Every structure is written in C-alpha cells, then in structure tokens.
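Every value quoted in this text rests on a predicted model; they were computed, and no experiment measured them.
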Amino acid sequence: MTLSFGTRLRSAMDERGPLCVGVDPHASLLGSWGLGDDVAGLERFTYTVVEALADTVAVFKPQAAFFERFGSRGIAVLERATADLRAAGGLVVMDAKRGDIGSTMAAYAETFLRKDSPLFSDALTVSPYLGYGSLKPAVDLARESGAGLFVLALTSNPEGAEVQRAVREDGRTIGATMLAHLAEENAGETPMGSFGAVVGATLGDLSSFDLDINGPLLAPGIGAQGATPADLPVVFGAAVRNVVPNVSRGVLRAGPDASALRDAAARYADEIRAAVAG
C-alpha cells in the first residue's frame, strides 16, 4: 500500500532535516554559474543540483515555469530531474500553481499527480482562487496516488494580501477560509495530513490565523527574500514543526561546485532544525 504524502514527508524531514530546496534555473542564476540561458545551461544547472543534493535533502521544489520556457526540451529536463530526485529518496513538490475548473483541473492533476505520468510528483502547488471546490479533481487524485497538495493561502508577495486577506460576509478572511478547508481534508490523519498550505516565512506574526491544519506548511522566503530560520517560530508558532521551509537562491548561489552546494544545504538544514527545536 502506498504511504500517504504526509507520512512520507514527516519521515523525510525527520531523517534528512526540515529543508526544501527550490530548483529555480532563472536566467540570472544560470549566468552566475557561468552558464548560458539555453537548454544546455538548463541541463548543466539542473543535473548538478540533482547529483549534489538528491540523496541528502528532504524536499525539492522545481519551479515548472523556468523549464517550460524552453519548450519540450526544457520539460524533458524537468521530467528526468523529477524522476532522478525521487529515485534518490527526495520528495518533489512541483511548483506549477495550477488552478482551473472541471475537466481542465482534472487534466492538470493528471499531469502531475497520476502515477504513470512522466511528471508525477509527490505534491503539487495549486491556486484555489476559482473557489476551493474547483480543486476537487486534484484532491481526489492526490488521495488516490498517495500524493499531496500545497494550496496558496497566505503568500509572501505583497499583492497577495488584496485577495487572501479580503474579508468574507461571515467575517473570515479568504486565507483563513483556505486554511479551514485544509484542516477538514487532514482531519484524523497521522502523523499529519497530505494537504498543505503555502504560507510565506516573511509575513511576521500570524497568530491571528489558525495554522494548525494537521498538515504541512510550505514556507517560501528564507534567504534572498529576507526571512531567516530564526523567524520560523515567530511566524508559525505552535505549528512550526509542520513547516517545510523553502530556500532557493540561498543554496543555489553556492554552485556550481557540488561540495559548496551540499555545505550550503546542510547549513540551512541545521539552522532550521535548531530553530524549530528551540
């Protein structure tokens, strides 16, 4: 029987450390590695990250857009990287932020959450702003496949507040509503559920929100965006143990030297572990 994403995630973070490394081959980063902004540069960058970190880091978050911009050859790189990361024991959260309705949402789900798909991932980021119910095809297929979702709830970009902190007629914000839906999805699951929220690590005190959703909280913003591991207990409070802190440029800038990449990832994992335990 396939273990749930929540079970596998808890085990991976306990064993390898609570760190998610973003795999974001944007043009400036390729350039800083001395690589061209082309498919050859994309391949070199991506496979260097995979070879350096796949067997030591718990979670990886490839940003699909940076691969898709190169067309079919870029997607082929993403397919291979996803398979190689998972084969080495890393969990892959595909950062594609898909969101639509009906058969289109189902097709997005099949792309990333169907077990025989070339892009099958352990979890997928999704946008609920066509209504949380629009995510049902992805929720259903994730349950069937033992995968998970990360739903955009309280994102780190300033523009997100105009939607996520808008207040409904019942007095609850949209972001809080998404968290409540996820708590329902995860009810009764152990050690935690598979349906998580994206909550920015740069947002400061979030004690007015109930982050205890019995599921993971994917937390971008550590490193280049200004948040530090020490900020995590302040932002997430009692839910901090279920946080999946994402670091992208803070680790990737150490490349292309594989040893430097490993050292950077290990340093962040140790700092996060100490902050969470403290």
key: Taking every non-hydrogen atom, the tightest pair across A64 and M94   = CB-SD, 4.2 Å
Check: D24 side chain, H26 main-chain N or O, donor-acceptor pair, under 3.5 Å = no
task = Please name the pair of heavy atoms, one in P216 and one in M192, separated by the smallest distance, quoted to 0.1 Å.
result = N-SD, 3.9 Å
query = For the side chain of S4 and the backbone of G146, is there at least one donor-acceptor N/O pair under 3.5 Å apart?
reply = no
ask   = Is there side-chain contact between L78 and V23, with heavy atoms separated by less than 4.5 Å?
value = no
request  = State plainly whether one hydrophobic cluster holds both I174 and V126, where clusters connect Ile, Leu, Val, Met, Phe, Trp and Tyr through side-chain heavy atoms under 4.5 angstrom apart.
outcome  = yes
message = Treating R8 as the side-chain partner and L3 as the backbone partner, does any N or O pair qualify as donor plus acceptor under 3.5 Å?
response = yes
key: Between CG on residue L29 and CZ on residue R249, distance to nearest 0.5 Å   = 8.5 Å
ask   = Checking N186 side chain against F195 main chain: does a donor-acceptor pair fall under 3.5 Å?
value = yes
message = Could you check whether any side-chain heavy atom of C20 comes within less than 4.5 Å of a side-chain heavy atom of K61, counting everything from C-beta outward?
response = yes
key: NZ/NE/NH1/NH2 to OD/OE distance under 4.0 Å, D140 and R143   = no
remark   = Heavy atoms of L203 and S156 approach each other most closely as CD2-CA, 4.2 Å
request  = Please round to the nearest 0.5 Å and tell me the distance separating atom CG of L211 and atom CG of N214.
outcome  = 13.0 Å
inquiry  = Test your reading of the model: is there a side-chain donor-acceptor pair from D14 to the backbone of S11, 3.5 Å cut-off?
reply    = no
task = Kindly work out whether a path of hydrophobic side-chain contacts (I/L/V/M/F/W/Y, heavy atoms less than 4.5 Å apart) joins V50 to F120.
result = no
ask   = Should L152 and Y129 be marked as a side chain to side chain contact (heavy atoms under 4.5 Å, CB included) after you check the CA-CA gap, both sets of side-chain angles, and the distance that decides it?
value = CA-CA 9 Å; L152 304 179; Y129 296 108; 4.2 Å; yes
ask   = Are M178 and L206 co-members of a hydrophobic cluster defined by side-chain heavy atoms under 4.5 Å apart?
value = yes
message = Determine whether E43 and F70 satisfy the following criterion, side chain to side chain contact (heavy atoms under 4.5 Å, CB included), listing intermediate values before the conclusion.
response = CA-CA 11 Å; E43 289 178 333; F70 293 106; over 6 Å; no
request  = Quick one: closest heavy-atom pair of L261 and A52, and the distance?
outcome  = CD1-CB, 4.1 Å
task = Would you sort out whether L232 and I222 count as a side chain to side chain contact (heavy atoms under 4.5 Å, CB included), showing the intermediate values?
result = CA-CA 9 Å; L232 294 173; I222 295 176; 3.9 Å; yes
key: Side-chain (R172) to main-chain (D170) donor-acceptor, under 3.5 angstrom   = no
ask   = Is V235 close to V243 at the side-chain level, that is, under 4.5 Å between some pair of heavy atoms?
value = no
query = Would a distance-only check, ignoring hydrogens and angles, find a side-chain to backbone donor-acceptor pair under 3.5 Å from W33 to L252?
reply = yes
ask   = Do the ring planes of F5 and F150 sit parallel (below 30°), tilted (30 to 60°) or perpendicular (above 60°)?
value = perpendicular
ask   = Between atom CZ of F45 and atom CG of D37, what is the distance when rounded to the nearest 0.5 Å?
value = 11.5 Å
key: Student check: side-chain heavy atoms of T173 and F209 closer than 4.5 Å   = yes
message = I'd like to check R44 versus T48 (side-chain heavy atoms, cut-off strictly below 4.5 Å). Are they in contact?
response = yes
note = Separation between OG1 (T2) and NZ (K115), nearest 0.5 Å, reads 2.5 Å
task = Determine whether Y47 and L35 fall in the same hydrophobic cluster, where Ile, Leu, Val, Met, Phe, Trp and Tyr are linked whenever their side-chain heavy atoms lie under 4.5 Å apart.
result = yes
message = With a 3.5 Å distance limit and no angle check, can you tell me whether R16 reaches the backbone of V57 through a side-chain donor-acceptor pair?
response = yes
message = So does R114 get a backbone contact from the side chain of S117, meaning a donor-acceptor N/O pair under 3.5 Å?
response = no
request  = Count the heavy atoms of every other residue, nucleotide or ligand shown that sit under 6.0 Å from NZ of K97, and state whether that count exceeds 12.
outcome  = yes
key: Stepwise side chain to side chain contact (heavy atoms under 4.5 Å, CB included) check, L179 with D210   = CA-CA 7 Å; L179 293 169; D210 185 0; 5.9 Å; no
key: No-hydrogen, no-angle side-chain donor-acceptor test under 3.5 Å, E189 and S194   = no
inquiry  = Donor-acceptor check, side chain of D122 to backbone of V92, threshold 3.5 angstrom: yes or no?
reply    = yes
task = Indicate the atoms forming the closest heavy-atom contact of L217 with A239, along with that distance.
result = CD1-CB, 3.8 Å
ask   = Near L130 CG, under 6.0 Å, is it more than 12 heavy atoms from other residues, nucleotides or ligands?
value = yes
query = Would you say R69 has more than 12 foreign heavy atoms packed within less than 6.0 Å of its CZ?
reply = yes
key: Donor + acceptor pair across side chains of Y132, E185 (<3.5 Å)   = yes
ask   = To the nearest 0.5 Å, what is the distance between CZ (F60) and CG (L19)?
value = 8.5 Å
message = When you group the ILVMFWY residues by side-chain heavy-atom contacts below 4.5 Å and let the links chain together, are I75 and L85 in the same group?
response = yes
task = Only one of L42, V39, T82, L119 passes side chain to side chain contact (heavy atoms under 4.5 Å, CB included) with F67; say which it is.
result = L42
ask   = Taking all atoms of both residues into account, what is the closest heavy-atom pair of V276 and R241, and its distance?
value = CG1-CA, 4.1 Å
query = Can you tell me how far the CZ atom of R168 sits from the OG1 atom of T177, to the nearest 0.5 Å?
reply = 4.0 Å
